[in-house]
J.: 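The structure follows.
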Amino acid sequence: MSDGDEIPILILGIHRSGTSALAGWLRLLDVELGRTLMAANESNPAGHFENHDVLAVHENVPPGVSPAEARREGMGACSWSTPRSPRIT
């Protein structure tokens, strides 16, 4: 890799699994986590370090869609036209 190349980092985990802590450490190492991060609140006073854009994709995935179905349908960072019929935009 050459200087200036960017590698995307996506931190995934279930609720209360330490993803905010890991993201916080990466931020201390000057890793760019995005411009739209979720602010601190009572449940996590240090901050969540969760990117609102990534969260929006997660919140728009229809319930019951399996990873295999998502791959078959070509689902990625996309919007959904109906709960079971994704359309990549």
J.: In terms of hydrophobic clusters joined by side-chain contacts under 4.5 Å, are Val31 and Leu22 together?
T.: yes

J.: What residues form a side-chain hydrogen bond (donor to acceptor under 3.5 Å, both in side chains) with Asn41, not counting sequence neighbours?
T.: Ser43, His48

J.: Could you tell me whether the side chain of Met38 reaches within less than 4.5 Å of the side chain of Asn44, counting heavy atoms only?
T.: no

J.: Using a cut-off of 6.0 Å, state whether more than 12 heavy atoms not belonging to Ile14 lie near its atom CD1.
T.: no

J.: Check Ala40 against Pro45 and note the closest heavy-atom contact, atom names and distance.
T.: CB-O, 3.2 Å

J.: Do Trp25 and Leu33 share a hydrophobic cluster (ILVMFWY, side-chain heavy atoms under 4.5 Å, transitive)?
T.: no

J.: Same cluster for Phe49 and Ile9 if Ile/Leu/Val/Met/Phe/Trp/Tyr side chains link at under 4.5 Å?
T.: yes

J.: Compare every heavy atom of Glu32 with every heavy atom of Arg35, then report the nearest pair and how far apart it is.
T.: N-OE2, 4.1 Å

J.: Which ILVMFWY residues are connected to Val54, directly or by a chain of links, through side-chain heavy atoms under 4.5 Å apart?
T.: Leu10, Leu12

J.: Would you compute the distance between atom OG1 of Thr36 and atom CD of Glu50 and round it to the nearest 0.5 angstrom?
T.: 10.0 Å

